[in-house]
Amino acid sequence: MSRQVKTEIAGIAGLAFCGILVETSMNVTFPTLMGLFHTTLNNVQWITTAYLLAVTLTIVLAAYLQRSFHYRTILTVSVLASFFGGVIFAAALNLPMILLGRVIQGAGTGMALPLLFTIIMTQVPRQQQGTYAGTAGMIIALAPSLGPTYGGTVLDLLDWRYNFIFTLPLIAIFSWVAIKNAIKNKPERHRFQLAEYLAIVVSLVALTLAVNQLDAGLGNPLVSGGLLLFLAALVAFVVLTRRAGGHHLLNLRILTNHAFTYSLLIYVFLQLV
């Protein structure tokens with residue numbers, strides 16, 4: 001394995017760390033933002049929800065993006081999204097501006113994160129993949145541990161906007177390292193499965209909206225309607241992915257592998273906890 005691959009892995013892991021650090025550091029600023037923008041906790045928590053939803057909806061595109069574009073292009077767009085989203089976030093005058101900035105940042109993280117593990121699984125020798133995946137995962141998992149402390153310290157000494165500003169030098173360094181050492185791949189552009197993606201977007205957004213209104217009870221139209229829309233869109237997505245031919249966004253046949261499915265369920269429940 002070349003030094004270039006090791007350096008690129010380090011750069012992308014650093015970028016993911018910075019993105020998640022800023023995301024988790026915002027939790028402790030919620031009371032401040034509620035007072036500043038005269039809004040409720042239910043509205044402010046969308047700073048986290050919108051970011052994670054954007055990450056998820058971008059990760060869904062990982063296979064398509066990595067087949068269709070050069071890795072350096074994906075990294076460059078990821079960095080630009082993280083940077084400009086952060087600028088909007090830091091300069092925000094109201095809650096919608098913060099949400100817009102966080103969504104753009106989430107898209108940037110969603111492009112970089114799966115690329116990190118793709119490179120590990122395709123460029124690192126099999127006997128070393130566990131070590132590199134574990135190390136990269138450890139670096140990324142460290143961010144949620146440090147985030148609240150970092151955010152609280154910044155909030156005590158300065159202002160919540162500096163949560164992003166202080167990470168700019170690190171983002172610049174890790175971006176330069178990752179893009180400069182990006183390995184070359186051979187893109188093969190395939191038709192984008194727009195219908196599949198729209199079905200995923202509708203299903204996840206509907207589920208998120210419904211769950212966030214559960215305190216109103218299942219009889220609430222937003223809850224019951226959101227859950228029904230989620231199920232309908234999910235069924236539509238499954239039907240679309242079962243069509244023969246083409247490169248689907250997600251290969252659901254992998255769920256027939258019981259070892260993979262059980263491991264996935266364990267990971268999902270751990271994340272939920």
Side-chain angles (χ1 to χ4, degrees), residues 8 10-59 74-116 136-180 208:
E8 183 180 14
I12 301 176
L15 279 174
F17 171 84
C18 290
I20 298 174
L21 178 69
V22 174
E23 187 269 321
T24 53
S25 71
M26 289 303 297
N27 293 341
V28 297
T29 68
F30 285 178
T32 300
L33 295 177
M34 288 167 60
L36 181 64
F37 297 125
H38 307 290
T39 189
T40 64
L41 178 60
N42 197 42
N43 290 332
V44 169
Q45 60 87 28
W46 275 98
I47 293 173
T48 296
T49 303
Y51 173 85
L52 294 176
L53 188 58
V55 171
T56 304
L57 292 176
T58 308
I59 286 179
I74 297 173
L75 283 172
T76 302
V77 174
S78 170
V79 168
L80 291 175
S82 299
F83 177 78
F84 286 112
V87 170
I88 294 173
F89 162 73
L93 301 176
N94 50 50
L95 187 58
M97 282 186 68
I98 292 180
L99 295 180
L100 175 62
R102 296 303 288 146
V103 167
I104 296 174
Q105 283 186 307
T109 302
M111 282 185 274
L113 200 55
L115 182 58
L116 168 64
M138 179 186 68
I139 293 172
I140 295 170
L142 186 63
S145 303
L146 298 178
T149 302
Y150 167 70
T153 303
V154 171
L155 188 63
D156 282 342
L157 298 177
L158 294 165
D159 183 80
W160 61 271
R161 301 175 193 274
Y162 285 88
N163 281 1
F164 170 74
I165 294 172
F166 283 149
T167 62
L168 272 177
L170 287 177
I171 292 175
I173 293 171
F174 289 131
S175 300
W176 180 80
V177 169
I179 294 174
K180 183 177 182 295
T208 303

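What you see is a predicted model, and the numbers here were worked out from it, not measured in a lab. Values below: every heavy atom of this structure, side chains too, minus hydrogens, waters and symmetry copies.
Two residues are said to be in side-chain contact when any heavy atoms from C-beta on lie closer than 4.5 Å; Leu116 and Ile140 meet this criterion.
For Thr109, the side chain to side chain donor-acceptor pair (under 3.5 Å) partners two or more places apart in sequence, or in a different chain, are Tyr51. With sequence neighbours left out, Tyr150 forms a ring-ring contact (aromatic ring centres under 6.0 Å, His included) with no residue at all. Thr58 pairs by the side-chain contact (heavy atoms from CB on, under 4.5 Å) definition with Ala107, Met111, not counting sequence neighbours. Residues that satisfy the ring-ring contact (aromatic ring centres under 6.0 Å, His included) test with Trp160, not counting sequence neighbours, are Phe89. Residues meeting the ring-ring contact (aromatic ring centres under 6.0 Å, His included) test with Phe17, sequence neighbours left out: none. Under the side chain to side chain donor-acceptor pair (under 3.5 Å) criterion, Thr49 pairs with Gln45, not counting sequence neighbours. With sequence neighbours excluded, the residues forming a side-chain contact (heavy atoms from CB on, under 4.5 Å) with Leu157 are Thr153, listed by chain and number.
The nearest pair of heavy atoms linking Val28 to Gly151 is CG2-C, 3.6 Å. Scanning all heavy atoms of the two residues, the minimum distance from Ile139 to Ala13 falls at CG2-O, 4.2 Å.
Evaluation of the salt bridge (Lys or Arg N to Asp or Glu O under 4.0 Å) test over residues 74-86, restricted to residues two or more places apart or in two chains, returns none. Pairs of residues two or more places apart, or lying in two chains, that qualify as side-chain hydrogen bond (donor to acceptor under 3.5 Å, both in side chains) and include a residue from residues 17-44 are Ser25-Asn163, Asn27-Thr48, Thr39-Asn43, Thr40-Asn43. Sorted pairs that involve residues 82-91 and meet side-chain hydrogen bond (donor to acceptor under 3.5 Å, both in side chains), not counting sequence neighbours, are lacking altogether.
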Distance-only donor-acceptor pairs under 3.5 Å for side chains of residues 167-180, two or more places apart:
| from | atom 1 | to | atom 2 | distance (Å) |
| --- | --- | --- | --- | --- |
| Thr167 | OG1 | Phe164 | O | 2.6 |
| Ser175 | OG | Ile171 | O | 2.5 |

Table please: side-chain donor-acceptor pairs of residues 92-106 below 3.5 Å, with sequence neighbours left out.
| from | atom 1 | to | atom 2 | distance (Å) |
| --- | --- | --- | --- | --- |
| Asn94 | OD1 | Met97 | N | 3.0 |
| Arg102 | NH1 | Gln105 | OE1 | 2.3 |

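In this structure, Phe30 places its CZ atom where more than 12 heavy-atom neighbours from other residues, nucleotides or ligands lie under 6.0 Å away.
Rounding to the nearest 0.5 Å gives a distance of 9.5 Å between CD1 of Ile59 and CG of Leu52. We find the CG-CG distance between Leu115 and Leu15 to be 10.5 Å, quoted to the nearest 0.5 Å.
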